[in-house]
Amino acid sequence: MSDTEITTPSLPEPAAAAPATVRFADFGLSPDILRALSEQGYEHPTPIQAQAIPVLLQGRDVMGAAQTGTGKTAGFSLPIIQMLLPHASASTSPARHPVRALILAPTRELAVQVAENVKAYAKHTPLRATEVFGGMDMKPQTVILKAGVEIVIATPGRLLDHVEQKNISLNQVQMLVMDEADRMLDMGFLPDLQRIINLLPKQRQNLMFSATFSPEIKKLANTFLNNPVTIEVARANKTADTVTQVVYKIAENQKHALIAHLLRQRELKQVIIFSNTKLGASRLARELEREGMKAVAIHGDRTQQERMAALDAFKKNEIDILVATDVAARGLDISDLPCVINYDLPYNAEDYVHRIGRTGRAGASGDAISIYSDKDERLLADIEKLIKQTIQRGEPVGFTPGAFADERGERRPRRSEDIGRGPAGRSADRGPRTMGAAPRRDKVDPWFLKPYEPSKAAAPAPAAPAASGAITKAKPKLAFLLGGAPKTGSL
DNA sequence: AAAAAAC
């Protein structure tokens with residue numbers, strides 16, 4: 001829901017193109033929609049909403065490029081509900097509730113989140129909405145689909161499964177949304193997407209939304225969209241300017257240790273840590289648990305129940321550390337997340353934009369810390385080229401390399417021990433431990449005691465283009481990120 | 001080269 005929190009008067013709206021005087025009521029939306037909005041405290045549209053809503057109400061195809069946290073979900077949900085309302089029926093007959101809008105999402109969690117939003121906006125209308133995704137029992141979904149539902153929010157595979165089982169018919173779909181479209185159009189998804197589109201009526205309205213748009217995707221989009229209106233509220237491929245970014249270069253086998261160090265310094269404020277691999281995410285979560293921190297992993301090899309429980313607990317602030325693969329990189333709205341850490345630099349530069357977009361949402365400030373090693377120089381260069389910005393190089397203050405060298409060094413146990421095993425076994429490597437407390441192997445550096453200082457909301461100066469390749473040493477915004485007096489040089 | 005998405 002915080003998708004639209006940006007409209008609350010108390011929050012700063014960084015890209016306020018729409019005058020504050022524009023209200024949802026000005027779009028001719030149904031009173032039933034306005035009522036739902038006002039009950040949730042929303043009166044003024046965000047810039048993308050102000051642009052998208054009128055265009056969508058005209059029935060035009062839209063290609064929307066919007067930063068995360070700009071209210072893009074409401075931007076397409078509200079017009080969909082409005083467009084479907086004239087034929088909404090209060091009848092209980094399934095035939096009176098055919099699927100007329102289909103919203104496709106690249107991850108299950110995103111489908112759930114979008115569905116929550118749509119349901120909330122449609123709650124005073126007779127329209128029905130439901131989510132459909134894999135990893136869960138088909139039956140409850142089947143019951144809902146067979147009862148009739150106008151708006152379906154789905155991941156592609158499970159949707160096709162329901163189609164094959166004749167639980168759903170898509171031949172009355174008049175509006176199609178591809179959320180996180182660049183991911184939906186990548187090689188892995190394209191065949192399923194094509195199959196789904198072949199099941200839809202030719203005559204329909206198409207919407208594509210994404211935070212980033214590569215030239216390839218733009219080209220591909222042209223095959224899916226008819227004479228689309230392009231809506232762009234911020235430069236595409238841009239990172240939110242409310243996020244302070246820093247990179248640390250460090251030896252590969254020191255990454256665990258540095259992460260643990262950074263987390264201690266932050267006094268465990270909430271953070272998502274991204275790993276490039278499922279195994280890496282599980283390992284890191286477990287290592288952090290061994291260090292006395294409560295961390296949970298979320299990735300595609302965990303059960304759907306585990307994934308949802310992890311995300312729920314994190315959203316409810318019951319867990320401070322979520323270790324994730326790119327399953328959590330896109331679209332997920334976690335309000336007030338102050339920090340994202342990249343344990344690995346992503347292989348796709350665009351995923352960097354998505355990952356760090358989990359913080360600094362709705363105009364709030366955030367920190368994005370990335371760790372990389374020698375072999376990743378190319379990845380970093382790609383990222384900086386994409387975001388047209390040089391990321392400040394940092395030096396972790398008070399970090400002693402080698403403190404955790406045994407974690408990932410040659411004495412690493414065999415792979416099989418890493419999978420699905422509890423924290424037993426290797427604690428002998430680490431000396432005495434105290435229950436619950438973080439193990440302390442060095443005397444505490446005074447620097448540790450310095451409290452973490454959240455980023456000031458002041459917008460960073462516009463970054464210089466990275467064309468020269470020179471590293472701009474911007475003035476550090478966060479003492480803890482860059483540190484004036486490095487205690488250890490060998491990084 | 002990895003992750004995601006159906007069973």
Side-chain angles (χ1 to χ4, degrees), chain A residues 102-115 131-142 145 152-168 170 177-197 199 210-212 217 252 255 272-285 297-308 310-311 322-332 342-355 357-358 370 372-373 375-380 382-383 415:
Chain A
L102 177 61
I103 301 168
L104 296 174
T107 68
R108 298 163 181 175
E109 285 76 10
L110 189 56
V112 170
Q113 178 181 294
V114 171
E131 63 275 20
V132 150
F133 57 92
M136 303 284 279
D137 195 349
M138 292 274 289
K139 269 179 247 143
Q141 296 176 7
T142 304
L145 291 176
V152 169
I153 302 95
T155 49
R158 177 56 69 89
L159 179 69
L160 286 167
D161 208 346
H162 279 296
V163 168
E164 279 162 21
Q165 313 229 356
K166 306 252 190 276
N167 299 331
I168 186 175
L170 299 179
V177 181
M178 285 166 276
D179 201 8
E180 301 300 334
D182 51 342
R183 175 55 55 91
M184 295 301 300
L185 294 177
D186 83 11
M187 295 300 278
F189 275 114
L190 206 48
D192 277 354
L193 200 67
Q194 193 62 64
R195 286 181 62 205
I196 290 168
I197 286 173
L199 296 165
S210 178
T212 55
I217 293 310
E252 189 67 29
K255 284 173 153 189
I272 295 185
I273 306 172
F274 283 103
S275 159
N276 280 0
T277 65
K278 292 179 278 196
L279 186 60
S282 275
R283 267 184 198 160
L284 181 57
I298 182 169
H299 57 68
D301 276 353
R302 305 207 73 198
T303 68
Q304 193 54 34
Q305 283 77 9
E306 287 171 329
R307 285 166 57 162
M308 295 194 295
L311 192 58
L322 187 67
V323 188
T325 58
D326 281 324
V327 70
R330 284 162 184 264
L332 292 191
N342 286 314
Y343 173 75
D344 302 304
L345 287 180
Y347 291 120
N348 290 328
E350 292 194 348
D351 285 333
Y352 177 84
V353 179
H354 288 289
R355 287 180 180 185
R358 295 315 99 212
S370 301
Y372 73 109
S373 66
K375 64 175 174 46
D376 305 319
E377 288 286 2
R378 181 54 196 268
L379 299 177
L380 180 58
D382 288 347
I383 289 166
R415 232 176 138 88

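Chain letters run A, B, ... following the sequence lines, proteins first, then strands; residues in each count from 1. Computed from a prediction, not measured in an experiment: that's the story for all the values here.
The residue A/Gly188 sits close to a base: some heavy atom pair falls under 4.0 Å. Heavy atoms of A/Asp326 sit nowhere under 4.0 angstrom from any nucleic acid atom. In this structure, A/Asn348 reaches the bases: a heavy-atom distance under 4.0 Å links it to at least one base atom across the strands shown.
Contact between the side-chain N/O atoms of A/Arg307 and the OP1/OP2 oxygens of B/dA4 is not found at any separation under 4.0 Å. A sub-4.0 Å separation between OP1 or OP2 of B/dA6 and a side-chain N or O of A/Thr155 is present. A close approach under 4.0 Å does not occur between any side-chain nitrogen or oxygen of A/Arg330 and OP1 or OP2 of B/dA4. Considering only side-chain N and O atoms, A/Thr277 lies nowhere under 4.0 angstrom from the phosphate OP1 or OP2 of B/dA1.
Comparing B/dA2, B/dA6, B/dA5 by their closest approach to the side chain of A/Arg195 singles out B/dA6.
Straight-line distance from the CG atom of A/Asn276 to the P atom of B/dA4: 11 Å, rounded to whole Å. If you measure from atom CG of A/Asp351 to atom C1' of B/dA1, you get 13 Å, rounded to the nearest angstrom. Distance, A/Leu332 CG to B/dA4 P: 12 Å, rounded to whole Å.
Under 4.0 Å is where a charged nitrogen must lie from a carboxylate oxygen, and between A/Glu164 and A/Arg195 at least one such pair does.
A pairwise comparison of heavy atoms in A/Ala181 and A/Ser210 identifies N-CB, 3.9 Å as the closest pair.
Evaluation of the side chain to side chain donor-acceptor pair (under 3.5 Å) rule for A/Asp326 yields A/Arg355 as partners, not counting sequence neighbours. In this structure, the side chain to side chain donor-acceptor pair (under 3.5 Å) partners of A/Arg307, at least two apart in sequence or on a different chain, are A/Glu109, A/Gln304.
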